[in-house]
Amino acid sequence: MPELPEVETVRRGVEPHVLGRCIVAVTVRDARLRWPVPTDFAAFARGQRIDAVSRRGKYLIFALNGGDRIIVHLGMTGRVLVLDADHPVVKHDHLDLQLDNGRLLRYHDPRRFGAVLPWPKAEAGHVLIDALGPEPLSDAFSGDYLYRRSRNKKAAVKTFVMDGQIVVGAGNIYAAESLFHAGIRPTRAAGRVTRAEYARLADAIRAVLAEAITQGGTTLRDFAGADGASGYFQQDLYVYGREGQPCRVCGTAIKGIRLGNRASCWCPGCQR
DNA sequence: CTGTTAACCTGAGTGC
DNA sequence: TGCACTCAGGTTAACA
């Protein structure tokens, strides 16, 4: 479910409710996430104060006052909700952080592809974070960067920009949408896309992600912000999920194929 | 090394 | 109503 804009929407929704709050209790109902929640996680988190909530790619990072951190990834169906402490527990509510203000942070994830992991102060880096590519909304990300990294690569350009080691945050929806706005077919070999095209693509990725954040993300099925609210970017989709429908720009029927086991849509009229 | 595929898991939707 | 099947916003381990 969540690509960068959805994770950023969750971060912004959670932050005001948890900053400066202490974790007074931890409940782990099901530790079987993508990686098991360690058995000592409750002891790790209990009694610590949350001093910051940041995001790296699709990872949320809760910074604790002692220098430890908690990493949260939402996988495909994960949610982080801010609820009152007595809120009823439903199926797939796997983990709670109870706060000292009568509220709790609840991790809910039907498919359990997500993760909640400790990141101790003693470990400077983290294996899930260290190899990530640049943030697409930072200065380190540019068309020239994509051009450099893509030389001699035969993989499809859509697969290339969805690779978190190249750039973080662009998943199946926003990769497809960005390629549409840049006028590039998703099937093109990454190494054959020109410098000028990558300049357009980098601009498109930045613009699409920024606009999606403004809209509170894209809600198709599962996604909700920390307050349970839906996003609105689905109204701005040009190709994702529109196979067979007329292009909103040129009227050509949107085509669909599979690339790396992911559904991929593009407009034969607008994308070359 | 690069590139592709299967796997992890549950639920929703479709077609018979 | 039930069953079999497909698909889903992510990521990585195991292959070729």
Side-chain angles (χ1 to χ4, degrees), chain A residues 1-11 29-37 55-60 71-80 90-94 107-117 126-133 136 149-179 186-192 205 208-209 212-213 215-225 230-244 256-265:
Chain A
M1 106 198 185
E3 302 180 39
L4 187 149
E6 289 74 35
V7 178
E8 178 62 20
T9 297
V10 169
R11 191 197 69 76
R29 296 185 194 80
D30 193 341
R32 299 173 303 160
L33 303 183
R34 176 67 191 268
W35 296 279
V37 180
R55 178 190 57 72
R56 180 72 176 94
K58 300 169 189 171
Y59 294 91
L60 286 171
I71 298 182
V72 175
H73 194 281
L74 302 178
M76 292 278 263
T77 54
R79 289 185 180 193
V80 172
V90 298
K91 198 173 182 182
H92 309 307
D93 284 346
H94 303 313
Y107 183 79
H108 171 99
D109 185 4
R111 292 175 75 179
R112 309 202 315 271
F113 283 179
V116 178
L117 294 169
H126 193 285
V127 64
L128 294 176
I129 304 281
D130 293 346
L132 294 177
R149 292 296 304 270
S150 61
R151 291 310 87 188
N152 301 318
K153 290 206 181 283
K154 293 177 182 168
V157 61
K158 175 161 175 277
T159 305
F160 172 71
V161 296
M162 287 177 66
D163 182 346
Q165 307 217 15
I166 300 300
V167 60
V168 296
N172 207 27
I173 296 178
Y174 299 115
E177 293 299 306
S178 299
L179 285 162
T187 48
R188 301 253 310 270
R192 294 185 179 267
I205 289 172
V208 164
L209 293 178
I213 291 171
Q215 303 271 348
T218 299
T219 296
L220 300 176
R221 278 169 291 273
D222 299 310
F223 174 69
S230 296
Y232 291 94
F233 191 77
Q234 60 273 19
Q235 298 172 5
D236 291 357
L237 298 179
Y238 281 78
V239 289
Y240 180 85
R242 299 195 68 248
E243 180 177 354
I257 44 143
R258 288 194 85 80
L259 274 179
N261 268 330
R262 308 304 297 270
S264 305
C265 295

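The sequence lines fix the lettering, A, B, ..., with proteins before strands; numbering per chain opens at 1.
- Checked by atom type and distance alone, the side chain of Glu8(A) never pairs as donor or acceptor with a backbone atom of Arg55(A) at under 3.5 Å.
- Candidate nucleotides dG3(B), dA8(C), dT10(B) were compared by shortest atom distance to the side chain of Arg258(A), and dA8(C) ranks first.
- In this structure, Leu128(A) atom CG and dT11(C) atom P are separated by 10 Å, rounded to whole Å.
- The environment of CG in Asn152(A) is sparse: at most 12 heavy-atom neighbours from other residues, nucleotides or ligands sit within 6.0 Å.
- Pair assignment for dG11(B): dC7(C), on the basis of Watson-Crick or G-U wobble contacts that are both within less than 3.5 Å.
- Residue ring and nucleobase are not stacked for Phe113(A) and dC9(B) under a centre distance beneath 5.5 angstrom and an angle between planes beneath 30°.
- Atom P of dT6(C) sits at a distance of 13 Å from the matching atom of dA6(B), rounded to the whole Å.
- Using a 4.0 Å heavy-atom criterion, one finds that Asn261(A) contacts the bases of the nucleic acid, with or without backbone contacts as well.
- Checked by atom type and distance alone, the side chain of Ser264(A) pairs as donor or acceptor with a backbone atom of Arg262(A) at under 3.5 Å.
- In the set dT12(C), dG10(C), dT2(B), dT2(B) carries the atom at the smallest distance from any side-chain atom of Lys153(A).
- Annotation: dC7(C) and dT5(B) have their P atoms spaced 15 Å apart (nearest Å).
- In this structure, Arg79(A) places its CZ atom 22 Å from P of dC9(B), rounding to the nearest Å.
- Counting to the nearest Å, the P atom of dT10(B) and the CG atom of Asp109(A) are 11 Å from each other.
- Between His92(A) and dC9(B), a side-chain N or O to OP1/OP2 separation shorter than 4.0 Å is absent.
- The NE2-C1' distance, from His108(A) to dG11(B), rounds to 11 Å in whole Å.
- You'll find that the side chain of Tyr59(A) is closest to dT12(C), out of dT12(C), dG3(B), dG10(C).
- Nearest-nucleotide positions on DNA chain B for Arg221(A) and Thr159(A) put Thr159(A) closer to the 5' end.
- Between the CZ atom of Phe160(A) and the P atom of dT2(B) there is a distance of 12 Å, given to the nearest Å.
- Contact annotation: Arg112(A) reaches the phosphate of dT10(B) (side-chain N/O to OP1 or OP2, under 4.0 Å).
- For Lys58(A), counting side-chain heavy atoms from C-beta on, the closest listed nucleotide (dG10(C), dG11(B), dA8(C)) is dG10(C).
- Remark: P of dG10(C) and CZ of Phe223(A) are 13 Å apart, rounded to the nearest angstrom.
- The residue Arg262(A) sits close to a base: some heavy atom pair falls under 4.0 Å.
- Across the protein-nucleic acid pair, Arg111(A) atom CZ and dA7(B) atom P stand 15 Å apart, rounded to whole Å.
- Between Phe233(A) and the choices Val208(A), Thr9(A), Leu220(A), Leu209(A), the side-chain contact (heavy atoms from CB on, under 4.5 Å) rule is met once, by Val208(A).
- Between the P atoms of dG11(B) and dT12(C), the separation comes to 24 Å (whole Å).
- The listed nucleotides are dT10(B), dT12(C), dT4(B); the one nearest the side chain of Trp35(A) is dT12(C).
- Ring geometry, His94(A) versus Tyr107(A): the interplanar angle falls from 30° to 60°, so the pair is classed tilted.
- Atom CE of Met162(A) and atom C1' of dT4(B) are 14 Å apart (whole Å).
- As judged by a 4.0 angstrom heavy-atom cut-off over every strand, Tyr240(A) is placed among residues touching the sugar-phosphate backbone only.
- Around the CZ atom of Arg192(A), the shell of radius 6.0 Å holds no more than 12 heavy atoms that belong to other residues, nucleotides or ligands.
- At the phosphate of dT10(B), neither OP1 nor OP2 sits under 4.0 Å from any side-chain N or O atom of Lys91(A).
- Residues Leu4(A) and Tyr174(A) form no side-chain contact, since every pair of their non-hydrogen atoms from C-beta on lies 4.5 Å or further apart.
- Here the nucleotide nearest the side chain of Leu220(A), chosen from dG9(C), dT11(C), dT4(B), is dG9(C).
- Here the side chain of Pro110(A) is nearest to one of dT12(C), dG11(B), dT11(C), namely dG11(B).
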